[in-house]
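Reading through the structure tokens given below for one structure.
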Amino acid sequence: QVQLVESGGGLVQPGGSLRLSCAASGSIFSTYFMGWYRQVPGKQRELVAGITRDGTTNYGDSVTGRFTISRDNAKNTVYLQMNNLKPEDTAVYYCRIVGRNVWGQGTQVTVSS
């Protein structure tokens, strides 16, 4: 069973940056379509960004131009670089193997002054 472990969350001021990491176990990470999602209490989990196995990316409207998803297949890791963070970006962020019910445990991102 593949496992995903996120890291890199924390507290940051508005306008600041964070980089989230998601490390996957297993040897076929390079074949996975990976996604970052986020969730706030009382709302549905939403897609933030996705990256296919060949590196094609897509983003949610609210983060386009501020967030960048990337992957390092040699390290079995997907990243989410978040710049110009806003208070409305506050959420628990999860990574996922898109199309499969495999999620990480989540990492809290709080944007506040």
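Here the structure is a predicted model, which means the values were calculated and not measured.
- Here the side chains of V5 and Q105 are in contact, with some heavy-atom distance below 4.5 Å.
- Here the shortest heavy-atom pairing between N84 and R66 reads O-NH1, 3.0 Å.
- What you find for T90 and Q108 is that their closest heavy atoms are CG2-NE2, 4.0 Å.
- Residues Q81 and L18 are not in side-chain contact: their nearest non-hydrogen atoms beyond the backbone lie 4.5 Å or more apart.
- S17 and N83 share a side-chain donor-acceptor pair at under 3.5 Å.
- Two residues are said to be in side-chain contact when any heavy atoms from C-beta on lie closer than 4.5 Å; R38 and E46 meet this criterion.
- Note: Y94 and W103 have perpendicular aromatic rings, judged against thresholds of 30 and 60 degrees for the angle between ring planes.
- Atom CG of L47 sits about 12.5 Å away from atom CH2 of W36, to the nearest 0.5 Å.
- Cation-pi geometry between R53 and Y32 is not met at under 6.0 angstrom from the ring centre and within 45 degrees of the axis.
- Looking at P87 and P14, their side chains come closer than 4.5 Å, going by heavy atoms from C-beta outward.
- Side chains of Y37 and R45: no donor on one and acceptor on the other come within 3.5 Å.
- Geometrically, R71 engages F29 in a cation-pi contact defined by less than 6.0 Å to the ring centre and at most 45° from the axis.
- Once rounded to the nearest 0.5 Å, the distance linking CG of L80 with CD of E6 reads 11.0 Å.
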